[in-house]
Each structure stands twice: as C-alpha cells, then as structure tokens.
Amino acid sequence: MSNNNLIKGSLQTIILKLLEEKDKMYGYEITQKVKELTSGEIKITEGALYPALHKMEADGLLTTEIEQVDNRVRKYYRLTKSGKKEMSFKMDELNEFVQNLQKILNPGIEPNFKL
Amino acid sequence: MRNLTSEEIQLIKTSIKQKGITSAEILSEVYDHYLTHLENQPEDAFKENLLELDEKFTYGFCKKLEADQKKSVRKEINSMEKEIFKSYFTWPRFAFTLFFIGSISYLGTLLPFKTQVILFTMVPLVFIVGLNVVIMFRTRSKLKPLKKDFSDQSLKITSSTSDYLNMQTHWPITLTNVLLHLPRIFGLTDFIPEYLYSFLSVSACILLVFYGLILFEVFKEKSKTAFV
C-alpha cells in the first residue's frame, strides 16, 4: 500500500488501537507490529511515527516511561485515561468514515463490517 | 535477533553522535531504535542498514524531534501543574488549603515583620532550593548510563524534563532576590508601608508554599517515568 496520505490520516488511530491492545510499546515495536499485522502492506516510517508519538504525548493522550533493557534505556508509551477515551472516539469516527466510503465506492453493497 | 559486536555498537554510537542530539529523551529513543533494528538484521548487511537508518534519522529530523520534545515537556508539565493547583480547591485537599491559609494569616498578626519574612519567605524558598538540588542529583544518576554510552560526545546530554523543572525552581529565588535587593540599589529602604507588611509576607508565603508543593508533586510524578 503506497498511499502515505491514507496512512498519515489514520496514524493516531493506529497507535491508539495498538496501545489499547498491548499495555505499553516502544517506537520500533509499533512499526514492526503494524508491518506484521498488515503483512508488510503498511509501513510506518520513523519520520511519521516519532513526531506523532511526541505530539500525542504533549496532548496528554500518551504517557511515557523509561526502562533499562539490555544495557540501554528504552522509552515505552502507554495510553492515558484521555488517550483511552480518544481511542474509542477515533475508532467510532473511522468506522463511520469507512462505512460511508463503502456507500460511495460500492453503492450496491450494504456495509456490514466493523473495524 | 542477534547480538551486535562491540565494533558495530561503536559504529552506531559514532553515527548517532554526528546528529548532535543533546536531549536524553531523544538520544535514548534513537539509540534504542538503531540497536533494536540492527539486531534484527543480518550481520553481512549491517553497513547498508546503518546507512539506511542514518538517512531516516537525519541531523535536521533529530533537531526537530528535540525541539518538539522540549515543547511537549513544557506543555505536559504546565498542564500537570494546573491540574495539581486545581486539586487544592477540591475535597479533601481543600481542608488543608483552608487550614494552611488560616494558620498563616493568624501567625501574620502575631509575629514581628522580620520574623515573618524569615519564616514565611525563607522556609518555602529553602524547600524549593532543596528540591532543586534533589532534581539535579536524581537527573545526574538517571543520565549516568546514557552519558557513559556517549561519554566522548562533545555536546552535553541533558534531560528536557529536568531542565524545565530546574528552570521553574530558579525563578522564585531570582524574583525574591530582585524584590529584596533591587529597591536598595535605588536607596529605597523603607518603601513598603507598615500596614502592608503582614499582607505581603502572608501572600508571599501562600504563593511560595503552593508553588513549591506543586513543583514537588510534578517532580514526584515525573521521576517515576522520566529522566528526572
């Protein structure tokens, strides 16, 4: 999947969803998880990921903690209370958007799936 | 996953040092990213992969990450401080607030001016200075492993969180110094009317105590998760 704009628009939602499923994750782990889940179809670049993570941290959606792992310091990200709220809001918003998009792209097919 | 050789680790460090990163938060994140990525790549493609990472983490990108990090730390700490301040006016802390303001105001009517200044201004200031020293020592010990890894880096590695908290501990001390000493430069020694003595010292005490407590709570919270 090469359309970076589509990924960019949903990056926050992707991060929030991944962090909801796994309590805490570090930057590299997020890129690898997305790659694994989409069989390499979606690749999150470092240039997009880290600014997004830092912005979400500044907005109070994520909190960080540092841990000593294998002779180095690792920074983990975790959802805050407002991050959890934002996640469910973003998921609803994305579901609605995908369903509406389906109506436009395939008017004959009733969209019956949920993200 | 494989273990990187010491030569490979040295090459990674040299490569990261060239980016001029001074923020401990960004430096540790970039270093960990490099190590984790390269540990998962074959040994024979090490140099190509390192070059690929260098192209992603350019000097400009790292500087932008640092600048954004500083802004994000400020924003986060400021909003934490507002939340903590508001909490002093919600139950059960409100009882403490009322009791504290009441006691200070009552003491203000009993004590002579000089004792009030020493007690009401100096005690909270000493607490803030003490906090500053604790923050410096804690940061130093938390940054030790990272500084050891990048010991020959010419740029000083600092923690954005600690820098901002330290800056916040400095300004009440500076302001008090200015207020106490600046008027003397202009020959103003008794410029405060006597009837304002109590009001000013009590107000200063209340502000400084709340400020010191808020800083302490932010430090307590951030020290669990950040380089502070």
Side-chain angles (χ1 to χ4, degrees), chain A residues 4 7-8 11-12 15-16 18-19 22-37 40 42-83 85-86, chain B residues 1 3-4 9 12-13 23-40 52-53 55-58 60-62 64-80 83 142-149 159-161 221-228:
Chain A
N4 284 333
I7 300 168
K8 225 176 176 179
L11 185 55
Q12 253 199 31
I15 294 170
L16 290 170
L18 288 177
L19 286 170
K22 199 175 174 196
D23 189 37
K24 59 177 185 179
M25 290 176 100
Y26 54 97
Y28 185 76
E29 192 183 5
I30 294 174
T31 62
Q32 293 310 296
K33 190 74 189 167
V34 172
K35 209 166 144 188
E36 182 198 312
L37 288 172
I42 295 179
K43 282 178 191 152
I44 296 181
T45 63
E46 290 79 357
L49 177 73
Y50 287 109
L53 285 172
H54 297 161
K55 190 184 177 298
M56 288 161 81
E57 189 189 348
D59 292 340
L61 302 176
L62 303 181
T63 179
T64 56
E65 62 184 61
I66 49 166
E67 241 176 63
Q68 189 77 26
V69 178
D70 300 333
N71 287 328
R72 61 191 185 251
V73 178
R74 180 163 282 167
K75 190 174 167 187
Y76 283 98
Y77 293 88
R78 201 190 277 272
L79 282 187
T80 60
K81 263 186 192 172
S82 55
K85 271 186 208 162
E86 182 72 8
Chain B
M1 193 180 142
N3 284 331
L4 296 170
I9 293 175
I12 294 169
K13 285 179 186 169
S23 157
E25 290 85 350
I26 301 297
L27 186 61
S28 60
E29 198 161 36
V30 171
Y31 184 47
D32 182 44
H33 190 103
Y34 267 64
L35 291 178
T36 318
H37 180 70
L38 293 167
E39 280 167 353
N40 287 291
E52 207 175 282
L53 281 172
E55 281 164 4
K56 288 175 185 168
F57 289 91
T58 59
F61 175 61
C62 291
K64 192 179 178 307
L65 283 182
E66 267 193 334
D68 289 345
Q69 164 78 16
K70 278 181 188 159
K71 270 187 220 161
S72 113
V73 162
R74 270 183 221 155
K75 200 173 162 187
E76 195 189 352
I77 290 180
N78 289 344
S79 87
M80 270 176 94
E83 288 304 312
K142 282 207 173 179
L143 288 183
K144 223 174 186 175
L146 199 63
K147 280 189 174 173
K148 204 175 141 198
D149 278 332
S159 153
S160 311
T161 313
E221 193 56 42
K222 291 304 291 178
S223 65
K224 289 179 200 160
T225 57
F227 284 105
V228 67

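Within every chain, numbering begins at 1; the chains are lettered A, B, ... in the order of the sequence lines, protein sequences first and strands thereafter.
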Subject >> Heavy-atom pairs under 4.5 Å with chain A, option from B/Glu76, B/Arg74, B/Lys56 with the top count >> reply: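 Highest number of heavy-atom pairs under 4.5 Å: B/Lys56.
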Subject >> For the student: nearest non-hydrogen atoms of A/Pro51 and B/Phe61, plus distance >> reply: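 A/Pro51 and B/Phe61 have their closest heavy atoms at CG-CE1, 3.9 Å.
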Original post:
Considering all heavy atoms of both residues, which atom of A/Asn71 and which atom of B/Asp149 are nearest to each other, and what is their separation?
Top reply: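 Between these two residues, the closest heavy atoms are O-OD2, 4.0 Å.
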Original post:
Can you find a side-chain donor-acceptor pair between B/His37 and A/Glu46 that sits under 3.5 Å?
Top reply: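 The criterion, which ignores hydrogens and geometry beyond distance, is not satisfied for A/Glu46 and B/His37.
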Subject >> Residue pair A/Arg78 / B/Thr225, side-chain donor-acceptor N/O under 3.5 Å >> reply: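 The criterion, which ignores hydrogens and geometry beyond distance, is not satisfied for B/Thr225 and A/Arg78.
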With only heavy atoms counted, which part of [X] is less than 4.5 Å from chain A, the side chain, the backbone, both or neither?
| X | value |
| --- | --- |
| B/Glu39 | side chain |
| B/Phe227 | both |
| B/Ile26 | side chain |

Subject >> Validation row: A/His54, B/Leu65 side chains within 4.5 angstrom (heavy atoms) >> reply: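 Yes, at least one pair of side-chain atoms sits under 4.5 Å.
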Original post:
Quick one: OH on A/Tyr26 to NE2 on B/His33, what's the gap to the nearest 0.5 Å?
Top reply: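 Rounded to the nearest 0.5 Å, the OH-NE2 separation comes out at 10.0 Å.
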Original post:
If you measure from OG on B/Ser28 to CZ on A/Arg72, what distance do you get to the nearest 0.5 Å?
Top reply: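 That separation rounds to 11.5 Å.
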Is the number of heavy atoms from other residues, nucleotides or ligands under 6.0 Å of [X] [atom1] greater than 12?
| X | atom1 | result |
| --- | --- | --- |
| B/Lys64 | NZ | no |
| B/Lys147 | NZ | yes |
| A/Lys33 | NZ | no |

Subject >> Residue-level interface, residues 58-66 of chain A with chain B, non-hydrogen cut-off under 4.5 Å >> reply: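 Under the 4.5 Å heavy-atom cut-off, A/Ala58, A/Asp59, A/Thr64, A/Glu65, A/Ile66 qualify.
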Subject >> Worked check of side-chain contact (heavy atoms from CB on, under 4.5 Å) between A/Gln32 and B/Thr36 >> reply: CA-CA 11 Å; A/Gln32 293 310 296; B/Thr36 318; over 6 Å; no
Original post:
Measuring heavy-atom distances to chain B, does A/Glu67 have an atom under 4.5 Å in its side chain, in its backbone, in both, or in neither?
Top reply: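 Answer is neither: A/Glu67 stays 4.5 Å or more from chain B.
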Original post:
With a 4.5 angstrom heavy-atom cut-off, which part of A/Tyr76 approaches chain B: side chain, backbone, both or neither?
Top reply: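 A/Tyr76 has no heavy atom closer than 4.5 Å to chain B.
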